[in-house]
Amino acid sequence: MINADEIAGILKQQIQSFTADVRQDEVGTVIEVGANLARIYGLRGVRASELVEFPDGMQGVALNLEEDNVGVVILGSDKNIREGDKVRRTGRIASVPVGEALLGRVVNPLGQPVDGKGDIHTQKYRTIENTAPTVVERQPVKQPLQTGIRAIDALIPIGKGQRELIIGDRSTGKTAIAIDTIINQKGRNVFCIYVAIGQKNSTVAALSQVLEQKGAMEYTTIVTTGPSEAAALRWLAPFAGCAMGEELMYEGKDVLIIYDDLTKHAQSYREMALLLRRPPGREAYPGDVFFLHSRLLERAAKLSDEKGAGSMTALPIIETQAGDFSAYIPTNVISITDGQIYLTPSLFFQGIRPAVDVGLSVSRVGGSAQTKAMKSVAGQLKLELAQYRDLAAFAKLASDLDKSTQMQLLRGEKLTELLKQAQYQPQPVEDQVALIYAATNGYVNDFATSRLQNWARGFIEFLHGKHPAIPKAIADSGQLADETKQKLNDAIVEFNKTF
């Protein structure tokens, strides 16, 4: 028998303990859609860079906050979005998954894997736009980041926390330098992030294969977005890569990030800005295109010891048209970075590869990012090459040259030959020091220039085989002590007798 009082008591108790779970969503309506952009009416409280969600689950970023509507860039295809669709605020600012779980993976700018290796398991997220470290939170760049390329480590050294621009026409070897630098970080505890902006998918696949073969993929994340994807994703890619690198930097780790390339990035931003009807400026770029790159590159830094002493080194790449370094985007990025590596087609087609123009390239960090051993041999090399360039220009005009001029031209020719290096073959700094020392001290003057590459290979094999203590001493101490110098001289003489 059910007691009516009992039922009434239970109902009263239920009513008293009832809590209504009300969720308030701010919803807007699509009034216009096309070219991966939507104008939305009614999202009164939306914040800049906030993610909004369309009915089909597609997300967008609120970029233009206007009086009566919001301009949203859609992160993907807009083909399922129609006028009149309801759009919901998510309350989240655009962010990406971060952490060591992303190492060894190829992801899109939203942090979703595109390499077919399953999901990425990480609980950490980081907003794509963050404030750069302040002056107080930084320290000077003073530790070398070895690229493994003789021409760069000796003449245009890069330090941890530096921003060094790689600039040149298309097909002059810009990406090759970046990839060699990634390969050279093996075993050096530097995590690498390669951001491919608008690169062909086949190019990125080939690149990840090379890194896999060289054992470099285990400490590298590739962030990629193809040329056929939405301009918004190409705009997002470098910021997403930067956020992934920042997470590691603030954990006290060393990070190398490559933006390949910022010319396409600026063009994607211009495309978005013009479609959003922002006023165009020079070359139709929006007025804040300088700020776009400066706020990205300024996030690379060497943090102070209080902040964990992590670092993020940025190597942005800029593609020029017919060597025009004075165009709008190249001059912008040159003024933001701490130096640039100029690559020229004329050197490339002469067979001087990497085609680094040593006269125009500069590192504004200079010798403070070099080991003492490298600094001691690089000074002489710089001087010799500078004199060689001046003389070579005059020698074209003069018919008869005196003996000392001929000697200087010959030495310059040999040094230039020794700075050539094959792709995917970065070299440890101790081997570079030994080679440059031999060249600047005249030990290769008697050999034909065409045989110098063979000489260099043979000498390094000989040094590691017969005198392993010499490279070890240079590597361990970072210096070229008098005792080591003497041993090195003897080793070079010994090898030259057999070559």
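The first residue of the sequence shown is numbered 1, and numbering continues consecutively from there.
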Any side-chain heavy-atom pair from [X] and [Y] closer than 4.5 angstrom?
X      : Y      : result
Ile257 : Val195 : yes
Leu274 : Pro280 : yes
Leu452 : Lys420 : no
Gln143 : Leu145 : no
Thr175 : Tyr194 : yes
Asp85  : Phe54  : no
Arg270 : Pro286 : yes
Val46  : Val72  : no

Inspect the surroundings of [atom1] in [X] and state if more than 12 heavy atoms from other residues, nucleotides or ligands are less than 6.0 Å away.
X      : atom1 : value
Arg170 : CZ    : no
Gln123 : CD    : no
Arg277 : CZ    : no
Asn189 : CG    : no

Partner set under salt bridge (Lys or Arg N to Asp or Glu O under 4.0 Å) for Lys79, not counting sequence neighbours
none
So, using salt bridge (Lys or Arg N to Asp or Glu O under 4.0 Å) as the criterion, who are the partners of Arg92 when residues are at least two apart?
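If we apply the salt bridge (Lys or Arg N to Asp or Glu O under 4.0 Å) test to Arg92, skipping adjacent residues, there are no hits.
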Where do [X] and [Y] come nearest, in terms of heavy atoms and distance?
X      : Y      : result
Thr90  : Leu51  : OG1-O, 2.5 Å
Val289 : Ala266 : CG2-CB, 4.2 Å
Pro113 : Gly118 : CG-O, 3.4 Å
Ser335 : Phe290 : OG-CE1, 3.4 Å
Glu413 : Thr449 : OE2-OG1, 3.4 Å
Glu319 : Thr263 : N-OG1, 2.9 Å

Taking only residues two or more places apart in sequence or in another chain, which ones pass side-chain contact (heavy atoms from CB on, under 4.5 Å) with [X]?
X      : answer
Ser202 : Lys200
Asn184 : Gln146, Arg188, Pro426
Val141 : Gln162, Val365
Lys253 : Glu100, Phe191, Leu248, Glu251

Checking salt bridge (charged side-chain N to carboxylate O under 4.0 Å, His left out) for the pair Lys414/Glu384: CA distance, chi angles, key distance, verdict?
CA-CA 11 Å; Lys414 293 192 189 310; Glu384 298 239 354; over 6 Å; no
[X] side chain to [Y] backbone, donor-acceptor under 3.5 Å:
X      : Y      : value
Gln421 : Gly148 : yes
Arg89  : Gly45  : yes
Tyr219 : Ile182 : yes
Arg138 : Lys302 : no
Asp338 : Arg163 : yes
Gln370 : Pro157 : no
Thr122 : Val98  : yes
Asn64  : Leu276 : yes
Gln432 : Gln427 : yes
Glu247 : Arg126 : no

Could you please spell out the steps behind the salt bridge (charged side-chain N to carboxylate O under 4.0 Å, His left out) verdict for Glu218 and Lys186?
CA-CA 9 Å; Glu218 59 198 47; Lys186 191 174 183 178; 6.0 Å; no
Rounded distance (nearest 0.5 Å) linking atom [atom1] of [X] with atom [atom2] of [Y]:
X      : Y      : atom1 : atom2 : value
Ile166 : Ile258 : CD1   : CD1   : 6.5 Å
Glu66  : Ile40  : CD    : CD1   : 12.0 Å
Asp115 : Met217 : CG    : CE    : 7.0 Å
Asp169 : Thr172 : CG    : OG1   : 6.0 Å
Leu315 : Ile177 : CG    : CD1   : 9.5 Å
Ile318 : Tyr259 : CD1   : OH    : 12.5 Å

Contacts satisfying side chain to side chain donor-acceptor pair (under 3.5 Å) that involve residues 280-296 (not counting sequence neighbours) are Glu129-Arg295, His265-His293, Tyr269-Asp288
For a quick test of your reading: what N or O donor-acceptor pairs under 3.5 Å do the side chains of residues 322-330 make, sequence neighbours left out?
from: Asp324; atom 1: OD1; to: Ser326; atom 2: N; distance (Å): 3.2
from: Asp324; atom 1: OD1; to: Ser326; atom 2: OG; distance (Å): 2.9

Could you list the donor-acceptor pairs under 3.5 angstrom formed by side chains in residues 222-244, with sequence neighbours left out?
from: Glu229; atom 1: OE2; to: Gly226; atom 2: N; distance (Å): 2.9
from: Arg234; atom 1: NE; to: Ser268; atom 2: OG; distance (Å): 2.9
from: Arg234; atom 1: NH1; to: Pro227; atom 2: O; distance (Å): 3.3
from: Arg234; atom 1: NH1; to: Glu229; atom 2: O; distance (Å): 2.8
from: Arg234; atom 1: NH2; to: Glu271; atom 2: OE1; distance (Å): 3.3

What donor-acceptor contacts under 3.5 angstrom involve side-chain atoms of residues 354-361, with partners at least two apart or in another chain?
from: Asp357; atom 1: OD1; to: Gly359; atom 2: N; distance (Å): 3.0
from: Asp357; atom 1: OD1; to: Leu360; atom 2: N; distance (Å): 3.2
from: Ser361; atom 1: OG; to: Tyr342; atom 2: N; distance (Å): 2.8
from: Ser361; atom 1: OG; to: Asp357; atom 2: O; distance (Å): 2.8

Restricting to side chain to side chain donor-acceptor pair (under 3.5 Å), what partner residues turn up for Lys174, sequence neighbours left out?
none
Can you pull out every salt bridge (charged side-chain N to carboxylate O under 4.0 Å, His left out) where at least one residue sits in residues 139-160? Sequence neighbours excluded, please.
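Sorted result for residues 139-160: Lys160-Asp254.
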Looking only at side chains, do Asn130 and Thr127 share a donor and an acceptor under 3.5 Å apart?
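Their side chains do contain a donor-acceptor pair, which is all the 3.5 Å distance test asks for.
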Basic-acidic side-chain contact under 4.0 Å: Lys264, Asp261
yes
